[in-house]
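Any value given below was found using the heavy atoms of this structure, including those in side chains, with hydrogens, waters and symmetry copies removed. Please read these numbers as outputs of a predicted model, since none were measured by experiment. Throughout, protein chains are lettered first and strands after them, A, B, ... in sequence-line order, and every chain is numbered starting at 1.
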Number of protein chains: 2
Amino acid sequence: MGSSPGTRRPTIAAVAQAAGVSVSAVSHVFNGRTNISPETAQRIRDAADALNWRPNVASRRVSRSLGGPAGGAVGNSIGLVVTQSPETFRRDPFFIRLIAGLTGPLGELGWSLSLTVVEPQDEEQVYRQWWTEQRVDGFLLVDLRTKDPRIPLLRSLSATAVALGPTPAASAVPGVTLDDGAGLEEVLAHLAGLGHRRIARVTSSPGLAHSRRRDRALTAAARQRDLTVRSLAWNEDAADPVAGLLAARGDVSALVLDSEALATRVIAHAPELGVRVPADLSVLSWEDSWVSELVRPRLTALSAPVEDSARTAVDLLRRMVHGEKPSSVVVPGRRLVVRESTGPAPA
Amino acid sequence: MGSSPGTRRPTIAAVAQAAGVSVSAVSHVFNGRTNISPETAQRIRDAADALNWRPNVASRRVSRSLGGPAGGAVGNSIGLVVTQSPETFRRDPFFIRLIAGLTGPLGELGWSLSLTVVEPQDEEQVYRQWWTEQRVDGFLLVDLRTKDPRIPLLRSLSATAVALGPTPAASAVPGVTLDDGAGLEEVLAHLAGLGHRRIARVTSSPGLAHSRRRDRALTAAARQRDLTVRSLAWNEDAADPVAGLLAARGDVSALVLDSEALATRVIAHAPELGVRVPADLSVLSWEDSWVSELVRPRLTALSAPVEDSARTAVDLLRRMVHGEKPSSVVVPGRRLVVRESTGPAPA
DNA sequence: CTGAAAGCGCTAACAA
DNA sequence: TTGTTAGCGCTTTCAG
């Protein structure tokens, strides 16, 4: 064990001694200084390998807090704090896609991802703690809310952060936003082409910023096509949320749902309630993943380049940690994947 | 930004000054020493809050490497290195359940989870790096393989680790194992009761230790009930893996699949290939999650208490980090959830 | 109950 | 090209 007595882990001094050089020579090699002869450098590296030694990240961070090249930037870890019930976190494929997309680019940088899932009441506490304890070099914000309290919080902490989604222009948090416009047009063209005239957007979290944005964008775009768009709320607490939704839909012939978790539940359960998809009702999801391919009928979905967003976010974070002040980025590539859950509007 | 010039973060000295005490007084308060008067302690805490200060984890780790109470143990972070293709990682609900189950107990400890997904060839490198750099205090090993190379690797690094699954008794890595016996009996009783006589177990990763274990256990238990069990391999590279599997199944009337990812694909795709579930073929998954409830027919599955395992693993890790040498733990609670994908054997 | 001081492993001036 | 050394923020011993 690392903590068993007598088993002290090797230090830079041990490596220096093994290689027959000074401590600073070792340090230089591991910090990309070019002032060490190749042979010596190799000898140092060999000694380090033999001892299984690598610079201790903690010590490194402490000493670099002095005046390193990047003003003390180290770049060890970025924090992802997901404020959702564990249930939502588990069920929404978006999160696992995001995580998977993040670890690649982070690994290339030698950074790691510190992840946690918290209930809303613990959110502020975790951001505060992780930042003030200097556990992380920055945060990736997801599920931006309207007037998101994390923006002023992070500002007051002088914390580094990047958001997935648009942020207020004045904030110090650049956002990685998806270009929704094209996808939205595709959705409407698709539905209108199938003869739908009345559609509804369904969300389970009206407090999320993207929800309002989508409402507005969809409504505006629909007007130009002479479609009407209603807004429907998903009530998770109902005995049967799908039944509730179907009952509330009125004369709507197509449903656009904010998440796959919602859309797939409608797909699976609607037939059991006597509503055939897509014969009676078309269903479309604003997010896409393997789950949409799994249900029957397969779900027509707006797919987002989550991996691209993740990579872009990591890059922004990297630059911020190194002292730059990058501005927001728009990632293109949303597109409609037509599968089986949308069909001609019923007569 | 944390790195902008002039914005140095407050240190313990600043807090001490603000509270009008010495540096060590502040340290004592934040380390649970009892030799500070309640009033003074409160004053110190207030000063820290006012300055948004918390002990820097990096400095803490460096100084504690000296001779702290737990022999230098700090307990900041545990590493979860998932050796899977991003695709498998995304599709298998087990991982997100595990992650969700881990963050709760870790949060209670004030620890965080460092997560990454790596390809097999990078695995060793990541374990080496994270441990020698002292990024993590320990690892949680998942997807144990037969003769898993990580066990000797971690041993050679003197790294702390706990595994999900049984580990060799001689290794220094305690395991959190599921009590499969009861669930297995349930599976066989259920299938036998439905008249099945020939069943097959399907795996996509025969190299995983649990795969062999399940094969053996199922075969042994089946013999006593006069059932025959075959072993079938899932070939992901085939043009249509489900079709390949169905073609290879011979006279088997029930399939037990190692993961939900596999089982749900069979469920969804088999009808399109003319095989009705469960009328022609019963399908049973060795793992369970919301996905099993989503597909139609709903999937009969062996559910595992992943959250319990996660909590147990965190507890073992905590104890190891504090110098104990706990032994393996068996977590009970696997049980069969009968849904719709299993039915009477065809005549 | 409090404070002064040594030292953790490492980095980066600066000197040689 | 290499070595010496001060110092990062914190903990903890030990003396007041």
Side-chain angles (χ1 to χ4, degrees), chain A residues 2-3 8-17 19-44 47-48 51-76 132-135, chain B residues 2-3 8-17 19-44 47-48 51-76 132-135:
Chain A
S3 53
R8 276 270 264 293
R9 283 149 85 150
T11 69
I12 194 173
V15 175
Q17 186 172 24
V21 297
S22 77
V23 163
S24 63
V26 180
S27 176
H28 286 159
V29 169
F30 281 84
N31 286 285
R33 296 275 177 299
T34 52
N35 54 345
I36 303 285
S37 71
E39 303 79 44
T40 312
Q42 194 52 53
R43 200 151 35 90
I44 290 173
L51 290 170
N52 263 328
W53 178 88
R54 297 262 207 150
N56 176 321
V57 283
S59 302
R60 215 168 188 173
R61 185 189 272 277
V62 171
S63 58
R64 281 209 187 148
S65 60
L66 196 38
V74 183
N76 287 330
T132 55
E133 289 182 351
Q134 301 182 46
R135 259 172 209 271
Chain B
S3 53
R8 277 272 260 298
R9 281 148 85 149
T11 69
I12 194 173
V15 175
Q17 186 171 26
V21 297
S22 76
V23 162
S24 61
V26 179
S27 175
H28 286 158
V29 168
F30 280 84
N31 286 283
R33 293 277 178 294
T34 53
N35 56 345
I36 303 284
S37 70
E39 302 78 47
T40 311
Q42 194 51 54
R43 200 151 35 92
I44 290 174
L51 290 170
N52 261 329
W53 179 87
R54 298 264 208 150
N56 177 320
V57 284
S59 302
R60 215 167 189 176
R61 186 188 273 278
V62 172
S63 58
R64 283 211 186 146
S65 60
L66 196 37
V74 184
N76 288 330
T132 55
E133 290 181 352
Q134 302 181 46
R135 259 172 209 270

For B:R61 and A:V57, indicate whether the former's side chain and the latter's backbone hold a donor-acceptor pair under 3.5 Å. no
Which part of the nucleic acid, if any, lies within contact of B:S24, taking any heavy atom under 4.0 Å across all strands shown: a base, the sugar-phosphate backbone alone, or nothing? base
Specify the separation, in whole Å, of atom CD of B:Q17 and atom P of D:dC10. 14 Å
Any donor-acceptor N/O pair under 3.5 Å between C:dT2 base and B:S22 side chain: no
Does A:S27 reach a base, just sugar-phosphate, or nothing at all? Heavy atoms under 4.0 Å. base
Base, sugar-phosphate alone, or nothing: which one does A:V26 contact when heavy atoms must sit under 4.0 Å apart? nothing
Separation of atom CD1 in B:I12 from atom P in D:dC10, rounded to whole Å: 5 Å
Is A:S37 near enough to D:dT2 that one of its side-chain N or O atoms lies under 4.0 angstrom from OP1 or OP2? yes
Atom-to-atom span, CZ of B:R135 to C1' of C:dG9 - whole angstrom: 16 Å
Of B:A25 and B:S59, the one whose nearest nucleotide on DNA chain C sits closer to the 5' end is B:A25
Find the distance A:Q134:CD to D:dC10:C1' and express it as a whole number of Å. 11 Å
Check every atom of D:dT11, C:dC10, D:dG9 against the side chain of B:N31 and return the nucleotide holding the closest atom. D:dT11
A:R61 has an atom CZ; how far is it from atom P of D:dG9, in whole Å? 13 Å
Check every strand shown and say whether A:T11 touches a base, only sugar-phosphate, or nothing at a heavy-atom separation below 4.0 Å. sugar-phosphate
Of A:V23 and A:P38, the one whose nearest nucleotide on DNA chain D sits closer to the 5' end is A:P38
Shortest non-hydrogen separation from B:I44 to B:V15 and the atoms involved: O-CG1, 4.0 Å
So, is B:N56 near the phosphate of D:dC10, with a side-chain N or O under 4.0 Å from OP1 or OP2? no
How many whole angstroms separate atom CZ of A:F30 from atom C1' of C:dT11? 14 Å
So, does A:R60 get its side chain near the phosphate of C:dC10, meaning an N or O under 4.0 Å from OP1 or OP2? no
Nearest 0.5 Å please: distance from the CZ atom of B:R9 over to the CG atom of B:N52. 10.5 Å
Rounded to whole Å, how long is the line connecting atom NE2 of B:H28 with atom P of D:dG9? 19 Å
Just by distance, do the side chain of B:R135 and the backbone of A:N76 share a donor-acceptor pair under 3.5 Å? yes
I need the CG-C1' distance between A:N76 and C:dG9, as an integer number of Å. 14 Å
Atom OG in A:S37, atom CD in A:Q42: separation rounded to 0.5 Å? 10.5 Å
